[in-house]
Every structure is written in C-alpha cells, then in structure tokens.
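Naming: A, B, ... by sequence-line order, numbering from 1 per chain. Note that the structure is a prediction, hence the values are computed from the model and not measured.
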Amino acid sequence: MSLLSIESVTKRFGGLTAVDDVSFTLDAGEIVGLLGPNGSGKTTLINLVSGNLPVSSGRITLAGATLTGRRPDQIARAGVARTFQLVRILPSLTLSENVMIPAVFGAKAHWGAEALAVAQDALKQVGLDDRADMSASRLSYIDQKRLELARALAAEPQVLLLDEWLAGLNPSELAEGIALIRGLTDSGITILMVEHIMEAVRALCPRVIVMNSGQLIADEATETALTDPQVIAAYLGESVDA
Amino acid sequence: MLTTTLILGLVLGGTYALLALGLTLQYGISRIMNLAYGEMTLAAAFVLVALFQGLGLPPLIGLLVIAPAGYAVGWMLYAVMMRPLVARAGTSGRLEVDSILATFGLLFLIQGLLLLVFGANFTSISYLTHGVNILGVPVALNRLIAFGICLVAGGALVIALTRTRWGLALRAVAQTPNSAPLVGIDVNRVARQGFALGTALAAVGGASIATYQTFSATDGVIFTMKALVIVIMGGVGNVAGALIAGLALGLIETFVATAIDPGLTLAATFTIFLAVLLWRPQGLFGRG
Amino acid sequence: MRRYLPIVGFLVFAAAPFAVSDYGLGLLIGAVTYVTLASAWALFSGHTRYISLATVAFYGTGAYVVAVLNETLPYGLVLIIAALIGALMALLVGLSTLRLAGVYFVIFTFGLAELVRQLITWYEVNVTGTLGRYIFLDVTAREIYWQMLALAAVTIGLTAFIHRHRLGLALRVIGDDEVVAAHAGIPLARTKLLAFVASATILTLAGAIASPRWVYVEPAIVFNSTVSFLTVIMALLGGANRLWGPALGAVPLFFAFEYLSVNLPNTYPIVLGLLFIAVVFVLPDGVLAGIEKLRARWKRGAA
C-alpha cells in the first residue's frame, strides 16, 4: 500500500514547464533518491509536495488524503516535513525553540514540557542537545543543517523530504550524515531525498527516481539506474560526484 | 466634458507615470522601499521655484540642472545610507524593514528641512499659463510642457533599459540579484545606479509638477502614496506596467475629481489599490 | 520580588493624579496614552516585523465613534461599539493585505488614515451636512487617566500572556521566516490576523477613551498621522519585541516631543527623522537589547 502518491503532477511557470506530468508512489518506510541534473525540476517537485508552490495540474495524496490545493501548514500537519536546499534556520530563536516549533504547531500540538522533550530528543538525534539554549544565529553551516534536520524530525512526520541535505559537507561530515539518515530509516519514516552525491545515494537508497527537464525518465533500482543509458545521457555535461 | 477629463487626466497621468517609474527602479533594482520618495520630488519642486524666482532661470533650463543633481544626491544617499543597510542585511529579509524605517526617517528629515528653508505655505509659479487649444479643449501650455518632459524622460529611460548593455545589466539585477554576479555584474554598482536614476526621475517629476501645480512642503506623502500604488498596479519592477498604470491613475483621478468629488481622489486610488491586492497582487501586468 | 514590581508601579501611577496639577495630569494622560499605543502596536508589529503605519486610523476612528454616538448611547456601550468597529476595520485590512508580502501591508497602512479621513469628511459634508462634532461627556480628566492606565495595564498583560503562549511563538517564527513557519504547521494568515485585530482593537479603544479630552472633534484633528509615526518610533526605540520596550520608549519620547512641539516646533520633524535613522543604524533592536549587548561585552571584558 503506497503512502505518498504523485499522480500526473505538472507545474508551469509562464511558458516554462518545470515539472511535466510526473507520477510515482512511495511505500511506507521506503527511502528513495530523487536525481537529475540541475534545473530538472527536483526542487520544484519537493515544493509541490510540501505545498510551497501550487500545482498546475495533477494530484498528490498522502495515505489516501489529498494534499494538492492545501496550504503548507495543513500539509505539514498532515505529516509531511522537509529541509530546504538553502538552509533556513530561525536566527532570533534558540536551538531548542527552533526545533520545538513543528512539535507545537504540528498535528500533535505539544506544549510546555512535552514540546521541550520532543525538541530535546530531536536535537539529541542530530547531536546538538548540549547546545539547546544557544541562539541559532551562532551555529556553523554544518550545524545549521543538523538543526534543520532536527526541526523536520520534531514534526514526527510520516514523510520526510530532504533537499540536498548532504550538499556542502566534508568527507567525514558526509559519513556522519549518511549514518544519521540510515538511523532514521530504521525508525520506519519514509524519505524522499534530492541528492547529487552518488556515494550517498548508493549507500542509502535502494531505489531512485530520475528527472530530466521536468520529466520523469527513470524509476528503478539504483544500480540499474546508474547504468541506464537514458540516465547517463541526461547527466552528460553535468559533473557527477561518483 | 469627457474630452477635457481625458486630456487633463492624461497630462496628470504622465507625471504620475514618471514618478512611479523612478520608485519602481529604486525598489526593483536596489531593493530599497523608499518612503521618502515624495519628499525628494518636493525638494526638486522647491529648487525649481527657487531657481526661477531667485535667479530667473527658466524652468526648462532649471530642469537641466535639477536632473543631474538628483542623480548625484541619489548616488550619495545610496552610498552613505543604503549600502551599509544592504551589507548588514546580507541574505536575510531584514533589508526591507530596515530600508522602510530608514527612508521613513529620511522623509521627516527632508520635510523638516523644506519647512525650515521654504516655510509651510503653498507655493507655485506663474509660467506659460496661457491656454492652447487641443481637440477643442483649452489646456495650459505649462501642463503640456510638463507632459512633454515626462514623455521624453520616460521614453528615453525605456529605450535605455531595453536597448543598451547598461540597461540589460540593470534588468538582470532586478530579476535575479543573486546570480547577476555570476555573469560579471557588479551588483552594488548597479544598485547604486538604480537608486540614483530613481532619484533623478523623482527630481524631474517634481520639477515638472512645480511648473503647473501648487504644492506645499507637507505634500510629499501623497506623492509617495500614489507612486507606490502605481508601482504595485503595474507590477514591482515592471517599467511598462508603471507607465500604463500611471496614465490610468491620472485618468481615474481626474474623472473622480470632476464627476464625483475632488476630496475623494485618494479614496479612489485606494479602492483601485485594494482591488489589485485582492485580485492580482503580482500587478495587473505581471506574469504568473 | 521582581514579579511584584509591575503591580507596585501600577499602584504608584494610579495614585499619581492626587499629587499633580491639572497640567501635570494632562501630561500624564498623554504619556500613558502613548504607552498604550506603543505597546498595542508592538503586540502585532514587534515580533512579526510587519510595520503598521496606521495607528491613527484606528485611534482616530475610536475618537470619532464616540463623537458620533456620545449623545445617543450610554458611554460603556459606545466604548464597546468603538472596539467592535476597530476590530472589524482591522479584519478587513488584514484579510486583504496580510496574505501578501509585508511590504504591501506597510504601503496599505501608510495611506489608511488618510483614506479614512477622506471618507469620513466626504460623508459628513455630503450626507450629514456637518463637519465637526462636539463631545459633551461627564467624564473627568482623572477618570480618563485611570481608564487609559487600565487599558495600558491590560495591553501589557495581554502581551505578556501572548509571549508565553503558542501565539507568541508563532509570531516570532513568522517574524524570522514565513516559509519555515508555514512548513512547521503555523497557519500564517490566521495567526497574523488574530494579532493584528487584537492590536487594532486596543488602539481604537485608546482613541475612544481619550476623545472626551478634545471636546471638539473633526477628521483633520483626530486623524493626525504624527500619532502613527510617534508610536512606531517609541516602540522601536525601547525595543518592539520586548514586553516593556514600547513603554520604555514611549515615556521619554512623549516628554521630549511635547517639549519640542512647544519650544522648537520647526525642528520637530527633523528630530523625528534623525531619531528614526539613528535607531535603524545604532539600535536596530531597541535600547533594551542594546543595554544587554553592552552588559555582555562588559562582563566578557571583566572576566
């Protein structure tokens, strides 16, 4: 039984079709990579699922409930959490407050000690729990990324959308990051991750979805996809971090 | 009757369009929401009157002094006041609030200086007031000249923006400020030019207003208000949109003033503004 | 001990009318009015950073409602009606602008007072045929002062309550990043609307309470946009996102501008302008935050 289902989703910006009639489904507990060259529509697709942008046509459902046409806050409460390609933290709040927000305003509406506990757990998962009362504006880039992931986790989501969460990390941080995400999948969460780092995709995702100029060109096992001539052609001229 | 409204409306709309053009350049290119725009306009109007009455300089010659002076003042204001705010804000959203508050301060500063130097009285000059017959409607020559100034300045700007390399750089920064440096554009310099150019247009608009209209040192807010509404009607950063919306607003105002009540012109402006916000917040001529 | 400080302060202020002259009481009313206005303004704008320039649109409406109804309805009922009208106005303004980017809201509020003034003037001249009304109410200056002081206390109390609850957290998140706020499950429009309506209702009530001081009311008097601008700079100077910041900015600035308008009326706008620019450049988060920063630096230097 599929959890997240994307049905013939299209997004047009004026004359440009950024996402063109894309369909696929994710099963509960799956971790799937979303690949494609720059400008192929991956981030736009993430934005359509999270409600940041309205779809032009098509339908997105989560466990049978329609997400399309709903506002981002409604979609978040329905169980979708995300990180952003350009990391977005809340600089005037503490780490603990940053992470607490989706717990407070999410479906479960925790408050007080309960919300703090959820925030503390999420901070612990990413290894920031010792700095819970620090202002988020003082974090380094990698810690900001960690914080953003902790915030998404504190939503206790069914589906987690990661938009190049591993980009910009050095090799040892990358290994740490991969281990972190693998730890999440063990808890049964469903993940769709946009990623350029093939090492991470190979290590984490048994299945990938590949887009090119807005269209879905492959939806198959990762090993098959990486030798698929169509996929290789799409990436020609693009540097692939293999 | 209708022809009169039409012609007077178009003449008024020409000035509005020019004012809105400058404001949309400042906000579109430099990202500065300039609430002191109307005061800059008024300052130029006062200077034109002072040149005319004090030195006997004809307004058209005065304009040749005022336009470059406006550019220089805008250039300096950006370098001294706006640039530090831009640098401090970085990529965060602070610039908008900071620029609104800083230019709000500038509004009072300029208004206070104008009051101190020129006083609170209504000011006007008597310049080429005799009527010219257009389609059976007598129109004062000074209004026609003002309209001509707006046409020339606005037209020249549109051509410069669409046909020159320099205009291309300005438009590139307006559309994608983050990727413009990738193609070798100095965003800071372009932003400064945009702000300076906007100030020059405010000055030209103010000078042309001074040739045919009575004004006082506290009128600036109204000019800013109208220019802002036009900018939003036309779509922020949209030059052609600002021109069309400016002319439209001039026509609507003249119509409301003659057919309903002159006291309701701002109410009319606001009703349109509200309709645009509810119906097409991206502007009447924007895409998407 | 610190918890009781506001209560002691409130009692001292409440007893003040017995110790001052009529002129002094007038000044006190003015100062407390601006404490109310600045605090109510900050209730919405302080955290969200949506700069409202329309304080006097609500304040003036409150005064005008009293002017229209004071001869036909009991005072208490008039106050309630004024509050309701203010809330309704804020709802309309908020519904049409708060779904959009902050700059549309600023621009709209920039002209709102002028719009209301023009509409009322037009209505009075063309429909009722009178411009200018009298308020003959049996309310003493002391009563006005106490009412305004109570409203100020309610405003600050409400702000403290909101700061400690979900709404306060939601407003702070919105002020930092609306996209994150929405993706964390915060309904943006509803949250902003709620805070804006609460703020505007208090502003309107303040106008209604202060109105008997005027005796004679006409649109050009009650919709004086300087009130809006003073309110903004007072809240910003003290620190708009702090509980006591707006009050702290309002009291000294009220007396400073009172002095200026009597002694140096010509330089008044220049001082106001320079103050705005100084706050943006030197104290972007207000005096309270500035003092904290200095203290932190001093501590680090001493250690």
The interface call for A:Ala81 against chain C, heavy-atom contacts under 4.5 Å, is neither

**Message:** Please determine whether the number of non-hydrogen atoms from other residues, nucleotides or ligands lying under 6.0 Å from atom CZ of C:Phe161 exceeds 12.
**Reply:** no

Note: vs chain C, highest number of non-hydrogen pairs under 4.5 angstrom among A:Ala109, A:Ala78, A:Ala115, A:Ala152 is A:Ala109

Discussion item. I'd like to know whether A:Leu93 forms a side-chain contact (heavy atoms from CB on, under 4.5 Å) with C:Leu169, so could you lay out the CA-CA distance, the side-chain angles of the two residues, the decisive distance to 0.1 Å, and finally the verdict.
Written reply: CA-CA 9 Å; A:Leu93 275 62; C:Leu169 184 61; 4.2 Å; yes

- prompt: Taking C-beta and beyond as the side chain, do A:Ser92 and C:Arg172 meet within less than 4.5 Å on heavy atoms?
  reply: no

Exercise. Angle class for the C:His165/A:Trp111 ring planes (parallel below 30°, perpendicular above 60°, tilted otherwise)?
Worked result: parallel

When the 4.5 angstrom heavy-atom criterion is applied to A:Arg88 and chain C, the contacting part is both

Just so I know, are the side chains of C:Glu178 and A:Pro72 near enough to count as touching, which here means a heavy-atom distance under 4.5 Å?
no

Between C:Arg166 and A:Phe105, the two heavy atoms sitting closest are O-CZ, 3.3 Å

Under 4.5 Å to a heavy atom of chain A? For C:Ala170 that would be both

Of all heavy-atom pairs linking A:Ala76 and C:Ala184, the shortest is CB-C, 4.2 Å

Between C:Gly185 and A:Asp73 the two heavy atoms that sit nearest each other are C-CB, 3.4 Å

ask   = Do other residues, nucleotides or ligands put more than 12 heavy atoms under 6.0 Å from A:Phe24 CZ?
value = yes

Side chains of C:Val173 and A:Leu90 in contact at under 4.5 Å (non-hydrogen atoms): yes

Scored by heavy-atom pairs under 4.5 Å with chain C, the best of A:Gln74, A:Glu97, A:Arg71, A:Glu148 is A:Glu97

